[in-house]
There are 2 protein chains.
Amino acid sequence: MREILSVGIVAPQSAHFSEPLTLKSGATLPAWDLVYETYGTLDAEKSNAILVCHALSGTHHVAGRHHESDTHAGWWDNMIGPGKPLDTNKYFVIGVNNLGGCHGSTGPSSTNPETGKPWGSNFPLVTVEDWVKTQAQLASKLGIHSLAAVVGGSLGGMQALQWTLTYPDRVRNALVIAAAPNLTAQNMAFNEVARQAIITDPEFHNGDYYEHGVVPRRGLRIARMLGHITYLSDDAMGAKFGRKLRSGEIKYSFDVEFEMESYLRYQGDKFAGEFDANTYLRMTRALDYYDPATAFDGNLSAALAQARANFLVISFTSDWRFSPARSREIVKALLDNERDVTYAELTAAHGHDAFLMEDPHYHAIVRAYLENAA
Amino acid sequence: MREILSVGIVAPQSAHFSEPLTLKSGATLPAWDLVYETYGTLDAEKSNAILVCHALSGTHHVAGRHHESDTHAGWWDNMIGPGKPLDTNKYFVIGVNNLGGCHGSTGPSSTNPETGKPWGSNFPLVTVEDWVKTQAQLASKLGIHSLAAVVGGSLGGMQALQWTLTYPDRVRNALVIAAAPNLTAQNMAFNEVARQAIITDPEFHNGDYYEHGVVPRRGLRIARMLGHITYLSDDAMGAKFGRKLRSGEIKYSFDVEFEMESYLRYQGDKFAGEFDANTYLRMTRALDYYDPATAFDGNLSAALAQARANFLVISFTSDWRFSPARSREIVKALLDNERDVTYAELTAAHGHDAFLMEDPHYHAIVRAYLENAA
């Protein structure tokens with residue numbers, strides 16, 4: 001059934017931008033590339049495009065498979081495809097790897113044309129606002145002025161929200177899922193611990209590890225293990241692992257004793273072998289920095305007054321990273337501006353990860369919203 | 001006012017035990033020492049002793065100061081002293097550094113008499129049950145058979161609970177504060193990340209870093225930073241730091257940007273310079289392993305059937321490490337056994353750390369309980 005509904009075999013594309021880009025930090029990139037994928041067909045009016053923004057470790061590969069024997073579909077394959085909530089029979093869906101990423105778009109591991117070496121520590125810090133700006137340039141390059149929707153979960157939801165502020169006349173609907181209007185001190189604290197694990201790894205070499213032929217694998221592994229704790233709820237970890245011992249009895253050692261430890265180590269090792277540490281540092285800083293209310297003395301309602309889009313905001317009860325209360329702050333600020341907002345607070349056991357899960361109620365809400373979207 | 005109510009200048013003492021000790025793991029220590037402090041006067045019947053058990057990073061230095069110019073009082077000085085809730089005018093209070101510690105009791109940094117070198121990786125893993133057993137030997141050495149009370153917060157509360165199970169006829173009251181009957185998968189996951197940060201530090205040397213003249217400072221620092229997140233509530237971090245920038249503006253760097261980062265780094269650095277990593281590993285494993293219900297097919301009520309003490313159980317609303325729900329599990333199991341239980345669920349903003357804070361309501365409850373204790 002899944003295969004029938006899939007977008008099938010997809011191939012990434014690359015867009016080159018030769019004009020220098022000035023970032024929010026004031027730094028400039030001389031030229032840059034974005035890697036992206038598209039699913040479905042752009043209509044004659046170029047009015048049916050949906051942009052999907054990724055979260056911390058996501059990529060442009062949102063749906064489908066790269067080849068016949070590819071065992072891993074895109075990260076939101078359950079959401080996107082023919083007949084799925086983001087229906088590619090109706091919509092032209094775009095997935096893009098954000099600037100600063102490590103999956104093909106220009107980032108710290110890319111070659112700095114001025115030196116011929118990887119950017120490394122010299123790659124500038126990027127922000128949610130920078131991503132939105134570069135995504136808009138990609139849309140323009142594809143001939144798209146107005147997006148039917150921008151959709152994202154977590155950090156991706158922050159991008160969807162920012163789209164409505166930076167380009168109020170270019171986005172008709174924003175789907176802001178499992179997100180927050182900024183990070184809490186606790187959210188930022190977890191990011192800081194993750195970054196310090198990477199930065200103090202002796203193989204980090206101040207961010208220029210590429211030249212040393214090493215990667216700060218230990219630090220990135222710790223960062224990812226910690227991340228996984230915050231993606232799952234306490235209850236979800238309890239249901240999945242509980243206090244289950246791996247071998248049935250305590251060994252009195254620091255090797256894996258509990259099943260949960262095996263899971264965390266596996267996730268950490270896998271990620272540390274795939275992801276770029278400099279990208280991880282920058283993604284977490286983009287999360288830290290995002291706070292549209294800052295320019296309005298902390299008044300979120302004032303900040304969101306620029307928005308013209310209609311909104312679907314979704315939160316999940318067991319999400320303690322970006323709790324429903326944070327989504328309600330967004331909803332409240334939008335209602336203060338008399339925006340058209342649909343809000344769903346969904347009962348879910350999976351914590352923050354719920355936004356990636358295939359849940360009938362969740363999917364039905366996204367489907368219904370988009371079926372009725374302008 | 002504080003000085004008047006203080007126990008004043010105190011000095012640690014040491015007790016040597018020359019009989020070999022067999023631990024729960026099956027490992028044996030040939031001989032061992034416990035460092036302890038006492039406050040108040042043991043009465044003629046030796047019936048007024050209260051044992052205070054410490055948590056993960058605590059010590060025997062619970063109250064008073066070590067010399068006139070000592071700027072730091074013991075870690076629970078607000079609770080213990082003349083006229084304080086644990087009133088040293090009435091009670092003889094004992095603080096002890098647990099076996100495996102790094103403040104004077106025999107632990108991984110102590111000399112292994114068989115090799116003449118620090119125990120290091122060869123120091124066995126210790127458990128809550130082992131600590132209770134060794135604390136009981138210390139009490140016996142002091143001529144004390146029956147303790148008026150055993151008191152502890154967090155991991156210390158687990159020891160207080162275990163006293164009532166191992167020595168039901170030797171403890172009349174157990175004060176189990178901000179504790180849990182075992183760790184959840186999420187609790188254990190945080191411990192695992194902390195341990196992995198230490199163990200993968202290149203200067204850990206498989207636990208035998210003493211011989212290399214180094215310490216796994218980076219790993220211990222990360223472990224402590226992470227610990228601090230779990231000791232404070234999200235709200236408490238918000239109230240204390242919020243999103244306050246250190247310099248008033250974003251610098252676009254990985255140096256300290258937010259006040260909270262400065263706090264975490266300071267706490268991490270300080271701890272890494274003082275505490276022994278091998279002890280940290282063992283303390284977290286003792287937490288992981290503790291689960292009195294295991295031997296009773298997970299039935300906590302059956303496990304606590306051995307208890308004869310009266311109980312005061314206290315939890316704090318904002319404690320997400322050991323939430324009130326976990327304390328209620330203990331209360332429920334005790335009530336199933338018709339034990340005499342007083343339970344207080346206190347409104348507190350400080351998260352898990354609330355058990356260390358000077359709160360009038362909290363202190364009044366402890367005081368009232370002990371004034372009426374048998």
Side-chain angles (χ1 to χ4, degrees), chain A residues 23-27 124-125 127 182-190 192-193 195-197 199-203 207 218-219 221-222 225-226 228-229 232-244 250 252-254 257-261 263-265 268 281 285 288-289 291 294 320 323, chain B residues 23-27 124-125 127 182-190 192-193 195-197 199-203 207 218-219 221-222 225-226 228-229 232-244 250 252-254 257-261 263-265 268 281 285 288-289 291 294 320 323:
Chain A
L23 300 166
K24 194 179 178 190
S25 66
L125 271 71
T127 64
N182 62 23
L183 295 196
T184 64
Q186 187 188 73
N187 291 149
M188 293 196 296
F190 282 121
E192 171 68 359
V193 175
R195 276 193 304 269
Q196 288 295 306
I199 287 172
T200 62
D201 184 322
E203 300 196 312
R218 297 178 193 90
R221 175 174 178 270
I222 294 298
M225 290 173 77
L226 181 53
H228 269 279
I229 301 178
L232 288 171
S233 68
D234 193 5
D235 285 351
M237 289 193 94
K240 192 166 181 171
F241 307 109
R243 295 179 49 84
K244 269 200 291 285
I250 287 175
Y252 296 98
S253 89
F254 301 118
E257 291 264 29
F258 296 94
E259 287 287 358
M260 169 276 305
E261 297 167 1
Y263 169 81
L264 285 183
R265 292 187 193 188
L281 295 178
R285 262 305 189 215
D288 290 352
Y289 290 152
D291 188 4
T294 302
W320 65 282
S323 71
Chain B
L23 300 165
K24 194 178 177 192
S25 67
L125 272 72
T127 63
N182 62 24
L183 295 197
T184 64
Q186 188 188 71
N187 291 149
M188 293 196 295
F190 282 121
E192 171 67 0
V193 174
R195 277 193 302 270
Q196 287 296 306
I199 287 172
T200 63
D201 185 322
E203 301 196 310
R218 297 179 194 90
R221 177 173 176 270
I222 295 296
M225 291 173 77
L226 181 53
H228 269 278
I229 302 178
L232 288 171
S233 68
D234 193 4
D235 285 349
M237 290 194 93
K240 192 167 182 170
F241 306 109
R243 295 179 50 82
K244 269 200 292 285
I250 287 175
Y252 297 98
S253 89
F254 301 117
E257 291 264 28
F258 297 94
E259 288 287 359
M260 168 277 306
E261 296 167 2
Y263 169 81
L264 285 182
R265 291 186 194 188
L281 295 178
R285 263 305 191 215
D288 291 351
Y289 291 152
D291 189 3
T294 302
W320 64 281
S323 71

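Predicted model, so just to flag it, every value in this text is computed and none were measured. Just so we're on the same page: letters track the sequence lines, and every chain starts at 1.
- Note on Glu261(B), Arg243(B), Gln196(B): by heavy-atom pairs under 4.5 Å with chain A, the leading option is Arg243(B).
- With a 4.5 angstrom heavy-atom cutoff, Leu183(A) touches chain B via backbone and side-chain atoms both.
- Nearest heavy-atom pair, Gln186(B) versus Trp320(B), reported as atom, atom and distance to 0.1 Å: OE1-CZ3, 3.8 Å.
- Of the atoms belonging to Phe258(B), it is side-chain heavy atoms, and not backbone ones, that fall under 4.5 Å from chain A.
- A donor-acceptor pair under 3.5 Å is absent between the side-chain atoms of Asp291(A) and the main chain of Asn182(A), judged by distance alone.
- Among residues two or more places apart in sequence or in another chain, the salt bridge (Lys or Arg N to Asp or Glu O under 4.0 Å) test is passed with Glu257(A) by none.
- Highest contact tally toward chain B, considering only Pro124(A), Ala197(A), Pro202(A), is held by Pro202(A) [criterion: heavy-atom pairs under 4.5 Å].
- Remark: Asp234(B) CG to Asn187(A) CG distance equals 6.5 Å, nearest 0.5 Å.
- Counting heavy-atom pairs under 4.5 Å between each of Ala27(A), Gly238(A), Gly242(A), Gly268(A) and chain B puts Gly242(A) at the top.
- Using a 4.5 Å cut-off between heavy atoms, Met260(B) touches chain A through its side chain atoms alone.
- When heavy atoms are compared at a cutoff of 4.5 Å, Leu226(A) approaches chain B by way of both its backbone and its side chain.
- For chain A, the nearby part of Leu264(B) is the side chain; its heavy atoms alone come within less than 4.5 Å.
- No part of Lys240(A) comes within reach of chain B, as not one of its non-hydrogen atoms sits under 4.5 angstrom from that chain.
- Of the atoms belonging to Thr294(A), not a single heavy atom falls under 4.5 Å from chain B.
- Under the 30°/60° scheme for interplanar angles, the aromatic rings of Tyr289(B) and Tyr252(A) are found to stand perpendicular.
- Applying the salt bridge (charged side-chain N to carboxylate O under 4.0 Å, His left out) test between Asp201(A) and each of Arg195(A), Arg218(A), Arg221(A) identifies Arg218(A) as the sole match.
- When the candidates Asp288(B), Leu232(B), Ile199(B) are compared by the number of heavy-atom contacts under 4.5 Å with chain A, Asp288(B) comes out ahead.
- Residue Tyr263(B) does not touch chain A at all, counting heavy-atom pairs closer than 4.5 Å.
- Ranked by heavy-atom pairs shorter than 4.5 Å toward chain A, the options Lys244(B), Met188(B), Glu203(B), Met237(B) are led by Met188(B).
- In this structure, the portions of Ile229(A) lying under 4.5 Å from any heavy atom of chain B include both its backbone and its side chain.
- Scanning both residues, Phe254(A) and Arg265(A), for their nearest heavy atoms gives O-NH2, 2.9 Å.
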